[in-house]
Amino acid sequence: MADDVQGSPLVDAAVRRAMWRLLPFLGLCYLLNYVDRVNVGFAALRMNPDLGLSAAAYGLGAGLFFVGYFFFEVPSNVVLHRVGARLWIARIMVTWGIVASSTAFVTNELGFYAVRFLLGVAEAGFFPGIILYLTYWFPRARRARVVALFFLAVPLSTVLGAPLSTWLIENGDGVLGFEQGWRFMFFAEGVPAVLVGLLVLVLLPDRPTKARWLEPDAARALEARITAEDAAQVPGTTGMRDALRDGRVVALSVVYFGVVFGLYVLAFFLPQVVSDLQEQFGVEFSLVQIGLITAVPYAVASVVMVLNARHSDATRERTLHVAVPALVGAAGVAVALFLDSPYLVIAAMCVCASGVFAAIPVIWQIPPTFLTGVGAAAGIALINSFGNLSGFVGPYLTGWLQGVTGDFRAGMFVVAGFMVLAAVVVLVVGRRVGTRDDGAPTTAGVRS
């Protein structure tokens with residue numbers, strides 16, 4: 001059974017070269033993407049009072065991004081499958097960069113809502129497109145760690161982006177004519193996406209056989225290995241309509257919703273949670289210090305995520321590598337705001353972040369066990385788009401609960417509940433598609 005790249009020198013060499021050539025650049029693209037998506041969480045500390053936004057209004061606006069994202073995700077990924085990643089990812093990056101920079105010119109609540117919705121429309125298809133793109137390049141035995149390395153861009157976007165965003169906000173007043181620093185931050189952080197998007201046209205080949213930096217024999221061997229692995233996953237769902245109706249796709253959408261619920265509540269509200277520690281424990285932080293403290297859970301989560309993905313690839317087990325981190329993360333967030341020390345609160349948030357991030361790369365190894373072709377493009381996009389609706393529900397619900405109760409405790413309990421739900425559902429899905437991903441036929445042909 002060809003379940004690993006070892007034993008084929010041509011494939012092994014092609015995989016190593018592809019990792020070095022593709023992952024750093026794709027990671028940079030996703031880092032810019034995530035910074036532009038969540039820098040609103042840091043801007044909120046100054047933007048909300050400037051625009052007169054309540055906690056609920058801010059949560060609604062932050063979450064409207066995912067409404068536009070939801071409606072355009074599946075069509076965007078199907079287009080990417082048909083026209084190629086190079087052209088379509090470049091289009092996505094240029095348009096989202098323009099919209100992200102335009103957030104600098106928002107003057108009221110309705111404008112904030114509009115620009116967040118349009119940012120979701122512009123960005124739709126990027127993440128599931130990259131997930132699909134990676135299946136064209138890497139055999140199954142490497143994919144969890146490859147996705148984890150790519151997904152490092154998310155915690156790194158906070159480790160690097162949090163101090164940068166807060167520094168730009170604090171020092172941006174009057175720069176380029178922007179009256180408030182948060183406006184300059186939005187403008188400055190949107191421009192790189194446009195520039196890197198243009199580089200995609202030059203640096204991102206659609207498939208191994210189109211990469212000039214791969215030896216032709218190695219490129220053909222790599223594509224043949226991936227084709228053989230896909231053929232072994234039979235019977236599979238290949239059509240778009242069948243994929244969208246497949247019960248396993250729906251179930252994985254629920255799993256992803258539960259895990260990503262925690263991700264976006266952390267992204268949009270962790271800076272405010274850290275800020276609230278000042279009043280709760282009688283400490284004082286500058287805006288930059290808040291950014292640095294916010295980065296700590298993400299730094300810890302980066303290490304845990306890669307280790308979990310490597311272990312999942314080594315054992316070829318997927319289900320427990322999603323369920324266990326989700327349960328551990330739920331426990332961390334449930335107790336975080338009931339602890340009697342700011343250090344313990346941050347430690348608990350590290351546990352939560354680690355659980356969220358550890359689960360996500362492994363989730364994406366389950367759909368290819370029963371989806372192929374345009375069915376994979378549509379199914380992966382649906383899972384991501386439905387899951388990312390939690391980015392709308394999470395910020396809005398958390399903001400509303402914070403406004404009603406006066407703190408974030410109720411919202412954190414909701415996060416824990418959704419992560420427990422994700423763990424339970426993925427265990428059920430694992431029984432339908434098999435807990436291992438070893439390139440052999442599984443129960444994937446059984447429709448739920």
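Counting begins at 1 with the first residue of the sequence. Below, each value reflects all heavy atoms present in this structure, side chains not excepted, and no hydrogens, waters or symmetry copies.
Checked by atom type and distance alone, the side chain of D36 never pairs as donor or acceptor with a backbone atom of A100 at under 3.5 Å. Checked by atom type and distance alone, the side chain of S354 pairs as donor or acceptor with a backbone atom of C350 at under 3.5 Å. Counting only distance, with no hydrogens or angles, the side chain of N308 and the backbone of V304 share no donor-acceptor pair below 3.5 Å. Side chain of S76 to main chain of A124: a donor-acceptor pair is present (N/O by atom type, distance under 3.5 Å, no hydrogens or angles). Between the side chain of S101 and the backbone N or O of I98, no donor-acceptor pair lies under 3.5 Å.
Among all heavy-atom pairs drawn from A148 and V306, the shortest one is CB-CA, 4.3 Å. When all heavy atoms of I92 and G125 are compared, the pair lying nearest together is CD1-C, 3.8 Å. Contact record, P297 with A353: O-CB, 3.7 Å, taken as the closest heavy-atom pair. Residue A90 comes nearest to L201 through the heavy atom pair CB-CD2, 3.6 Å, listed as atom of the first residue, atom of the second, then distance. Residues I380 and P367 come closest through the heavy atom pair CG1-CB, 4.2 Å. For Y136 against D206, the heavy-atom pair with the smallest separation is CD1-O, 4.0 Å.
Considering CG of N384 and CG of L389, their distance stands at 10.0 Å, rounded to 0.5 Å. The CZ atom of F112 sits 8.5 Å away from atom CG of L60, with the distance rounded to the nearest 0.5 Å. Separating the CD1 atom in I383 from the CG atom in L252 is a distance of 4.5 Å, to the nearest 0.5 Å. Between the CD atom in Q289 and the OG1 atom in T166 there is a gap of 10.0 Å [rounded to 0.5 Å]. For the atom pair OG of S165 and CH2 of W182, the computed distance is 14.0 Å after rounding to the nearest 0.5 Å. Distance check, rounded to the nearest 0.5 Å: CG of N171 to CZ of F184 gives 9.5 Å.
Side chains of L26 and Y30 form no contact here, defined as non-hydrogen atoms less than 4.5 Å apart. Considering only heavy atoms from C-beta on, T209 stays 4.5 Å or farther from L214 through its side chain. Between M47 and V40, the closest side-chain pair of non-hydrogen atoms falls below 4.5 Å. Considering only heavy atoms from C-beta on, L149 comes within 4.5 Å of M19 through its side chain. Between F42 and I169 the shortest side-chain heavy-atom distance falls below 4.5 Å. The side-chain heavy atoms of H311 and E317, taken from C-beta on, include no pair separated by under 4.5 Å. In this structure, the side chains of W96 and V99 stay at 4.5 Å or more apart for every pair of heavy atoms. At least one side-chain heavy atom of V200 sits under 4.5 Å from a side-chain heavy atom of F25.
The aromatic rings of F357 and Y298 sit perpendicular, their planes meeting at an angle over 60°, well past the 30° parallel limit. Taking the six-membered ring for Trp and thresholds of 30 and 60 degrees, F386 and F257 have ring planes inclined between 30 and 60 degrees apart. Aromatic ring orientation, F127 versus F151: perpendicular (interplanar angle above 60°, classes split at 30° and 60°).
Ring-centre distance between Y133 and F138: not below the 6.0 Å cut-off. In this structure, the ring of Y256 has its center less than 6.0 angstrom from the ring center of W364. Between Y113 and F117, the gap from one ring centroid to the other reaches at least 6.0 Å.
Checked options H321, R316, R140, R143; the residue passing with Q365 is R143 (criterion: side-chain contact (heavy atoms from CB on, under 4.5 Å)).
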L421 and V425: CA distance, side-chain angles, deciding distance, side-chain contact (heavy atoms from CB on, under 4.5 Å) verdict: CA-CA 6 Å; L421 174 65; V425 175; 3.9 Å; yes
Candidate pair L22 and L204, rule side-chain contact (heavy atoms from CB on, under 4.5 Å), full reasoning: CA-CA 7 Å; L22 296 178; L204 201 67; 4.1 Å; yes
Derivation of the side-chain contact (heavy atoms from CB on, under 4.5 Å) call for I360 and M305: CA-CA 8 Å; I360 288 175; M305 176 177 65; over 6 Å; no
Chi angles and distances behind the side-chain contact (heavy atoms from CB on, under 4.5 Å) call for Y69, E123: CA-CA 7 Å; Y69 195 89; E123 188 191 311; 3.5 Å; yes
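R220 has a carboxylate O that lies under 4.0 Å from a charged side-chain N of D217, or vice versa, which qualifies the two as a salt bridge. Classification of D12 and R17 as a salt-bridged pair fails, no side-chain N sitting under 4.0 Å from a carboxylate O.
No more than 12 heavy atoms of other residues, nucleotides or ligands shown are found within 6.0 angstrom of CZ on F71.
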